[in-house]
Protein chains: 2
Amino acid sequence: MIKKNIQRIIQYRMCLLRFQSLGFERIFSYTLAQEIGVSPEQVRKDFSQFHLRGNKKAGYLIQDILDQINDLLHKEDIHKIIMVGLGNIGQALIKYKGFANRNMQLVAGFDIDPAKLKKNCRIPTFSAKEIPVVVQKENVHIGIIAVPEAAAQEVCNNMVEAGIKGILNFAPVMLKTPPDVVVQNISVCGDLEALVYVTEKNKKQES
Amino acid sequence: MIKKNIQRIIQYRMCLLRFQSLGFERIFSYTLAQEIGVSPEQVRKDFSQFHLRGNKKAGYLIQDILDQINDLLHKEDIHKIIMVGLGNIGQALIKYKGFANRNMQLVAGFDIDPAKLKKNCRIPTFSAKEIPVVVQKENVHIGIIAVPEAAAQEVCNNMVEAGIKGILNFAPVMLKTPPDVVVQNISVCGDLEALVYVTEKNKKQES
DNA sequence: ATTAAATTGTTAATTTATAAACAAAAAGAT
DNA sequence: ATCTTTTTGTTTATAAATTAACAATTTAAT
Ligand SMILES: NC(=O)c1ccc[n+]([C@@H]2O[C@H](COP(=O)([O-])OP(=O)(O)OC[C@H]3O[C@@H](n4cnc5c(N)ncnc54)[C@H](O)[C@@H]3O)[C@@H](O)[C@H]2O)c1
Ligand SMILES: NC(=O)c1ccc[n+]([C@@H]2O[C@H](COP(=O)([O-])OP(=O)(O)OC[C@H]3O[C@@H](n4cnc5c(N)ncnc54)[C@H](O)[C@@H]3O)[C@@H](O)[C@H]2O)c1
């Protein structure tokens, strides 16, 4: 549902940061394209759509493009995120150190199981009942759902009620939300099943 | 890169199983559509493309469609999967109980850190050097990469060399593989950044 | 038996996304 | 100073995906 071009812009950004850290000041559409596995025309088209301009014959000025992409992605702010469900996935995300690099911060975790709240976490944890209080106090707009399938829709409803506008969902269900709330699904099993399908198909085609 | 229609077929399957477990024998394109958030025409088109036939006025026979989708997705076999990287994400996946339901089995984990191999896991763990041995012995085609960005491409190369044909990649890099090896990326941070972009845009449009 | 209602399945239309083509500009070479 | 090469940015073309339209068929009702 989220446009492909913005997803690529996010990838270009990571790639530009990597090239910059390697000491490059400029980059060509061709290089960027190769790195993220698209055509150079796709890169130029994406850049054009977001008014990211380069220099003929001299390519793109990395710092300049990065500044503009950072603007687009609101990288001037740190974006607060809550997570509901402190099981396997929830704990893995809490331990993850990579959010800060990308201007995001997990500000609170929630669970219904009091045992899960006792673990000494890097972030404060609360009973799931506290979702509305914390969301409103901290002014959070993004939430992650890492609860079992059976609880996901209810948790989602509570998040929406509390004011969350974007949800990253690990549970294998399609959540129902009002039109102003966007959901992004992560489907580990679904992706694996798709890989099985494609690899088996390739195998057959060879023979 | 993987076709959208097969991804939806995978979703339909989960939905059909749920309806079946609720006692339903038949289902309409409209119901299925609503559940996974597409139009009924989309459902019928997808079904048509995979030759999944229903009955006019009586909808689709759930068991019948499931049998055929199971065939398509090779659900007659259990698909073996290896995982490289036994850190936060790796551990979360190892503890996950949901693979068996979907005819998939994590058969081995790998890491370069000997400390990670000592943890008493539900699956056997090996030094990363053993990847080719285990992959060939167990005849595995699918692998998961859950190592840091800096190690991902090398691990990928080793997997490909060993005979892996499909990779689920959690590291925030675009892996380079030969054309007969398919990669599916999971990008938690990227998805969150996309959510930030969309929610901020929606916010602006309202005002 | 006939008619009406409901639902599929296919074809056509539209939209979106990707790829190709090429003119324009900039840099460098002659 | 002119010509050549390179690379962007836009325009045009192609392909993929979604939506709409509608005939065909089945069931149920009259
Ligand atoms: N772990 C994986 O590798 C994996 C893989 C694919 C999909 N998933 C999906 O991700 C989700 C989480 O998986 P997991 O392995 O972390 O599960 P888990 O069972 O380890 O953790 C779920 C947590 O959610 C909490 N919870 C349950 N109901 C709740 C509620 N109403 N409010 C707040 N918290 C609640 C539980 O107490 C538990 O701590 C599941 O939907 C699962 O299907 C996980
Ligand atoms: N944990 C998260 O929530 C999260 C979120 C987004 C992205 N990711 C990405 O997922 C990947 C894994 O994240 P993590 O948090 O589990 O990292 P982690 O550091 O906890 O675990 C990585 C594991 O890989 C092992 N490793 C390193 N090099 C290896 C090699 N060459 N061969 C085999 N094993 C090797 C390490 O010993 C370690 O055990 C990273 O690329 C990370 O950027 C993780």
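Below, chain A is the first sequence line, B the second, and so on; all start at residue 1. The analysis underlying the following values was restricted to heavy atoms, covering all of them including side chains, and did not include hydrogens, waters or symmetry mates.
Using a 4.0 Å heavy-atom cutoff across all strands shown, B:F47 reaches no nucleic acid atom at all. At a threshold of 4.0 angstrom between heavy atoms, the contacts of A:N55 are confined to the sugar-phosphate backbone, with no base atom among them. Backbone-only contact: B:R8 has heavy atoms under 4.0 Å from sugar-phosphate atoms and none from a base. Residue-level contact check: B:Y60 touches the backbone only, with heavy atoms under 4.0 Å from sugar-phosphate atoms and none from bases. B:K45 comes within 4.0 angstrom of a base, heavy atoms only.
A 6.0 Å sphere centred on CD of A:Q63 holds more than 12 heavy atoms belonging to other residues, nucleotides or ligands. By the 6.0 Å contact criterion, CD on B:E25 is open, its count of non-hydrogen atoms from other residues, nucleotides or ligands being 12 or less.
For DNA chain C, the span of nucleotides reached by chain B at under 4.0 Å from its heavy atoms goes, 5' to 3', from C:dA5 to C:dA12.
Counting to the nearest Å, the P atom of D:dT7 and the CD atom of A:Q34 are 13 Å from each other. If you take NZ of B:K3 and P of D:dA16, they are 7 Å apart, rounded to a whole angstrom. Taking atom CD of residue B:E41 and atom P of nucleotide D:dA17, one finds them 18 Å apart after rounding to whole Å. Here D:dA16 presents its C1' atom at 12 Å from CD of B:Q42, a figure rounded to the nearest Å. Distance A:Q49 CD to D:dT8 P: 17 Å, rounded to the nearest Å.
For the pair A:R53 and D:dT10, the criterion of a side-chain N or O lying under 4.0 Å from OP1 or OP2 is met. Neither OP1 nor OP2 of D:dG9 sits under 4.0 Å from any side-chain N or O of A:S48.
Formation of a donor-acceptor pair under 3.5 Å by the B:K80 side chain with backbone atoms of B:N139 is not found in this model.
The ring of A:Y60 has its center no closer than 6.0 angstrom to the ring center of A:F28. Between B:Y96 and B:F99, the distance separating the two ring centers is shorter than 6.0 angstrom.
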